[in-house]
Structures are given as C-alpha cells and as structure tokens.
Amino acid sequence: MTEVIQQTDFQILDWIQADIRTSWLDWLMPKITFLCKAGWLWIAIALLCMIWKKHRRCGFSMAAGLILCGLFGNVLLKHLVARSRPCWINTNIDMLVRIPTDYSFPSGHSMVSFASAVVLLQYDKRIGIPAIILAALIAFSRLYLYVHFPTDVLVGTLMGILFGILAPRIVEYIYSRRKTS
C-alpha cells in the first residue's frame, strides 16, 4: 500500500515538474516558501496580534496552534514516521532551494500555515480568507519545489486545519477558567 501511495505521489510531483514548472514560478515559489521558513511569518503575525488587546486572543490562539503543530507534527510525527523527502530519492530534479535535512512527513510549512490561517479566519474573515489563500500557495510551493510529497502536504494541511480549529477553543477555555478563579 505504501508503495502505491509513493508511486502516486511521484506521479503528481513529476506532473508538476513537467507541465506546470515555468521560469516565472521558479522565481516565485522559493519566495513564497520562504515566507514560512521556521514559521516566522505566522509567529510575527501572532506576536503583532498579542500587542493589541482587541486582537490578543487571536494572537494567543495562533501561538497555541503553532505550538500544537510543533509538538505533534515536527517533534512527534516527523521522527516517528521518518519519511524520506522526494528530493532525497529522486536526485535528478533541478532544486531551486536548499535540500532540507529533516524528514518529510508531515509538511510543517503546510501545517503551520493552515493552523494560523484557520485561526485568523475564525477571528476575522477579511484577514482569514487571504491567509487561507496564502497558506494554500505555501503548501503548493512545497510540491513545486520537490521537497514534499503530496500526502505530506495533505496531512500537514489537515492537521493544521484541526489545530487551527482547536487552538481558539483551548485559549477560550483558559480565559474562562481565569475569570472564574
């Protein structure tokens, strides 16, 4: 079963390389993926939200979502599954970014982007909708750049959505407990 999944993953990645790759996207995709390097964009947005009282719960919710992503995705699953990256297996691709040294599953970029975007969507749709679009572009960039399999991105996206839904509920629970204390 895992061979069938990996074969399908490679078919999708190879289709992207053969039919979608252009010089313009070769220039753009590394920049899009860089926005989420170490989650810095989402961390910065969370910190900015924490500064203003009006947006503080949103900022704390984003931070909670990022922590959940880090713990469950990057610390636990990446090492538990220990999946090789496509660029480690197929070395014939002209890489546009430095080859990552950590494992592939799940996609951390996709996970933190969707967790953050879903939190933003719940607090303010005007900001959340563009954030969802950006998260989708970041997730696609990981496929375009041949550093993740589609299933890595899919699972990272789904986990991010789950953590993005869960995080505000955790924060609201903590706030309600503080009021009753």
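What you see below is based on every heavy atom in this structure, not just the backbone, and it leaves out hydrogens, waters and symmetry mates. All of these numbers come straight from a predicted model, not from anything done at the bench.
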How close do [X] and [Y] get, heavy atom to heavy atom, and via which atoms?
X      : Y      : answer
Ala46  : Ala63  : CB-N, 4.3 Å
Pro168 : Ser61  : CA-OG, 3.3 Å
Val153 : Ser110 : CG1-OG, 3.5 Å

Is the closest basic N to carboxylate O distance between Arg83 and Asp9 below 4.0 Å?
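A salt bridge links Arg83 with Asp9.
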[X] [atom1] to [Y] [atom2] distance, which is reported to the nearest 0.5 Å:
X      : Y      : atom1 : atom2 : answer
Ile16  : Met29  : CD1   : CE    : 10.0 Å
Tyr146 : Cys87  : OH    : SG    : 8.5 Å
Leu77  : Met159 : CG    : CE    : 5.0 Å
Ile133 : Ile138 : CD1   : CD1   : 12.5 Å
Ser116 : Ile132 : OG    : CD1   : 10.0 Å
Ile5   : Thr151 : CD1   : OG1   : 6.5 Å

Quiz: residues 94-105 side-chain donor-acceptor pairs under 3.5 angstrom, not counting sequence neighbours:
unit_1, atom_1, unit_2, atom_2, d
Asp102, OD1, Arg85, NH2, 2.8
Ser104, OG, His148, ND1, 3.2
Ser104, OG, Asp152, OD2, 2.2

Give a yes or no on whether [X] and [Y] share a hydrophobic cluster (residues Ile, Leu, Val, Met, Phe, Trp, Tyr; joining criterion: side-chain heavy atoms under 4.5 Å apart).
X      : Y      : result
Tyr123 : Met50  : yes
Leu145 : Ile93  : yes
Leu47  : Met62  : yes
Phe60  : Val112 : yes
Ile170 : Met111 : yes

What pairs with [X] under side-chain hydrogen bond (donor to acceptor under 3.5 Å, both in side chains), at least two apart in sequence or on another chain?
X      : result
Arg21  : Gln17, Asp26
Gln122 : Arg169
Thr157 : none

Checking Lys78 side chain against Pro106 main chain: does a donor-acceptor pair fall under 3.5 Å?
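Checking the backbone N and O of Pro106 against the side chain of Lys78, a donor-acceptor pair under 3.5 Å is found.
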Classify the ring geometry of Tyr144 against Phe140: parallel below 30°, tilted from 30° to 60°, perpendicular beyond 60°.
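Tyr144 and Phe140: tilted rings.
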Quick one, Leu143 and Pro150 - any side-chain contact, counting heavy atoms below 4.5 Å?
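Yes - at least one pair of side-chain heavy atoms lies under 4.5 Å apart.
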Set of residues satisfying side chain to side chain contact (heavy atoms under 4.5 Å, CB included) with respect to Leu28, sequence neighbours excluded:
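So Leu28 forms a side chain to side chain contact (heavy atoms under 4.5 Å, CB included) with Trp24, Leu25, Ile32.
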Can you confirm whether the side chains of Thr33 and Arg142 place a donor and an acceptor under 3.5 Å from each other?
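Checked: Thr33/Arg142 side chains pair up, N/O donor to acceptor below 3.5 Å.
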Within 45 degrees of the ring normal and closer than 6.0 Å to the centroid, is that where the cationic atom of Arg57 sits relative to Tyr175?
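The answer is yes, since Arg57 meets both limits relative to Tyr175.
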Does CH2 in Trp15 sit with more than 12 non-hydrogen atoms of other residues, nucleotides or ligands closer than 6.0 Å?
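Check fails, neighbour count at 12 or below.
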Taking atom NZ of Lys31 as the centre, report whether more than 12 heavy atoms of other residues, nucleotides or ligands fall under 6.0 Å from it.
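Atom NZ in Lys31 is packed in, count exceeds 12.
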Let me see the working for Lys125 and Leu120 under side-chain contact (heavy atoms from CB on, under 4.5 Å), right down to the final yes or no.
CA-CA 7 Å; Lys125 287 184 181 23; Leu120 288 168; over 6 Å; no
When the aromatic ring centroids of Phe10 and Phe149 are compared, is their separation below 6.0 Å?
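Yes, the ring of Phe10 comes within the 6.0 Å limit of the ring of Phe149, centre to centre.
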Chi angles and distances behind the side-chain contact (heavy atoms from CB on, under 4.5 Å) call for Leu162, Leu68:
CA-CA 10 Å; Leu162 173 67; Leu68 288 169; over 6 Å; no
Considering only distance and modelled atom types, tabulate donor-acceptor pairs under 3.5 Å from the side chains of residues 35-43, sequence neighbours left out.
unit_1, atom_1, unit_2, atom_2, d
Trp40, NE1, Phe34, O, 2.9
Trp40, NE1, Leu35, O, 3.4
Trp42, NE1, Ser113, OG, 3.0

